[in-house]
Amino acid sequence: MNKFWSSMVKRTDPYVPGEQLNEPDLLKLNTNENPYPPSPKVFEAIQKETENLKLYPSPTADDLRTEIASHFNLAGKENIFIGNGSDEVLAFSFMAFFEPSEAIRFPAVTYSFYPVYAKIFDIPYVETELNEDFSIKPEALFNAQGGVIFPNPNAPTSIYLPLQSVQEVLKNNPDKVVIVDEAYIDFAGESAATLISEYDNLLVIQTTSKSRSLAGLRVGYALGQKHLIDALIRIKDSFNSYTIDRLALAGALASFRDKAYFKEHTAKIIATREKTAEQLHALGFSVIPSSANFLFAKHESKKAEEIYLSLKERNVLVRHFGKQPIDNYLRITVGTDAEMDRLIDTLKKII
Ligand code: PMP
């Protein structure tokens, strides 16, 4: 190890994102991106904003925060924090609300960034057991020493935890922050954003990367009571007093304003998801009922790793996590109908 490295560098355990192959005919179903382009209004807004690139962006992102607050029926921009993708918002949240001396809790099967952040910020953690069907066990998240974080719907299981159970977790951690990572909520049930006025310990984090087709723009946000948002702003200002760049601010704002486009395309993905789940079932897969833009599926006789490799040979990329207890599952992003037809046709050749 390099003698100049700080203890923080030594604690890093960098996250390995899904593969980014550049084959011309690749069907990329491994990182839960949206198959549709963003709204045409986003392109127009970004094009127009290029005229202002010589100027610094707003350090407070007031327009976007106000727009997002009204989208969620929250009082105002004081309830919204903006970051470079929800990954950055998550990192700031670990720094703002979790302590190196107190163990946080998250489910044993969950988004693999959480242990990465916990390690780098020196925060101990407990990975709590799931129910047999892979759903989150709310009781296991009660009375956490240092706070709680979980995705809803959970990743990579795609299972939604009803808001009643989310409330139980909030009530049973009255003095600790509970972070609900809603990266996939627009494909599922109700957002915990409706609970914000009731719970002073709730922070909801969302992203424009999935349901708004803006993974490349990097815009995430947190929703919560003012005292939590103020803490995030304090942390951010200690690193960089700007929020996100001008093009990202303009693009995200246009996306939130085009409500019809958003509604139409999330509905399309949900319809394709349900159709694909049935087709996979007919091919011998058991598919967990999904509340996200991906399917988590296991074949009755063929090993997940073999299917993953055979698909990859045929230029179809899905995600396989080689660890227990999910090593026999594949996570498949929902693409367009035509893309899913190609997936099913390819699977028919190898199963
Ligand atoms: N949370 C979860 C559960 C995710 O799966 C992802 C995307 N991989 C993120 C957060 C981060 O998304 P982004 O940084 O693009 O907003």
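When a ligand or atom number is given, it counts from 1 through the structure's own listing order. Worth knowing before you read on, the calculation uses all heavy atoms, side chains too, and leaves out hydrogens, waters and symmetry mates. Starting from 1, each residue takes its place in the sequence as its number.
- The side chain to side chain contact (heavy atoms under 4.5 Å, CB included) search around Asp230 returns Lys226, not counting sequence neighbours.
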May I have a table of the N/O to N/O pairs between ligand 1 and the protein that fall below 3.5 Å, each row giving the two atom names and the distance to 0.1 Å?
{"from": "ligand 1", "atom 1": "1 (N)", "to": "Asp181", "atom 2": "OD1", "distance (Å)": "3.2"}
{"from": "ligand 1", "atom 1": "1 (N)", "to": "Asp181", "atom 2": "OD2", "distance (Å)": "2.7"}
{"from": "ligand 1", "atom 1": "5 (O)", "to": "Tyr184", "atom 2": "OH", "distance (Å)": "2.7"}
{"from": "ligand 1", "atom 1": "12 (O)", "to": "Ser86", "atom 2": "OG", "distance (Å)": "3.2"}
{"from": "ligand 1", "atom 1": "14 (O)", "to": "Ser86", "atom 2": "N", "distance (Å)": "3.3"}
{"from": "ligand 1", "atom 1": "14 (O)", "to": "Asp87", "atom 2": "N", "distance (Å)": "3.1"}
{"from": "ligand 1", "atom 1": "14 (O)", "to": "Asp87", "atom 2": "OD2", "distance (Å)": "3.4"}
{"from": "ligand 1", "atom 1": "14 (O)", "to": "Arg218", "atom 2": "NH2", "distance (Å)": "2.7"}
{"from": "ligand 1", "atom 1": "15 (O)", "to": "Ser209", "atom 2": "OG", "distance (Å)": "2.6"}
{"from": "ligand 1", "atom 1": "15 (O)", "to": "Arg218", "atom 2": "NH1", "distance (Å)": "2.8"}
{"from": "ligand 1", "atom 1": "16 (O)", "to": "Ser86", "atom 2": "N", "distance (Å)": "2.6"}
{"from": "ligand 1", "atom 1": "16 (O)", "to": "Ser86", "atom 2": "OG", "distance (Å)": "2.7"}
{"from": "ligand 1", "atom 1": "16 (O)", "to": "Thr207", "atom 2": "OG1", "distance (Å)": "2.6"}
{"from": "ligand 1", "atom 1": "16 (O)", "to": "Ser209", "atom 2": "OG", "distance (Å)": "3.4"}

Would you mind writing out the side-chain donor-acceptor pairs for residues 92-105 within the sub-3.5 Å range, not counting sequence neighbours?
{"from": "Ser93", "atom 1": "OG", "to": "Val89", "atom 2": "O", "distance (Å)": "2.7"}
{"from": "Glu102", "atom 1": "OE1", "to": "Lys176", "atom 2": "NZ", "distance (Å)": "3.4"}
{"from": "Arg105", "atom 1": "NH1", "to": "Ala140", "atom 2": "O", "distance (Å)": "2.7"}

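- Using a cut-off of 4.0 Å between Lys/Arg side-chain N and Asp/Glu carboxylate O, Asp345 and Arg342 are scored as not salt-bridged.
- Between Tyr114 and Tyr111, the ring center distance clears the sub-6.0 Å criterion.
- In this structure, Arg319 is not positioned above the aromatic face of Phe296 in the sense of NZ or CZ being under 6.0 Å from the six-membered ring centre and within 45° of the axis.
- Clustering of Ile, Leu, Val, Met, Phe, Trp and Tyr by side-chain heavy atoms under 4.5 Å joins Tyr242 with Tyr56.
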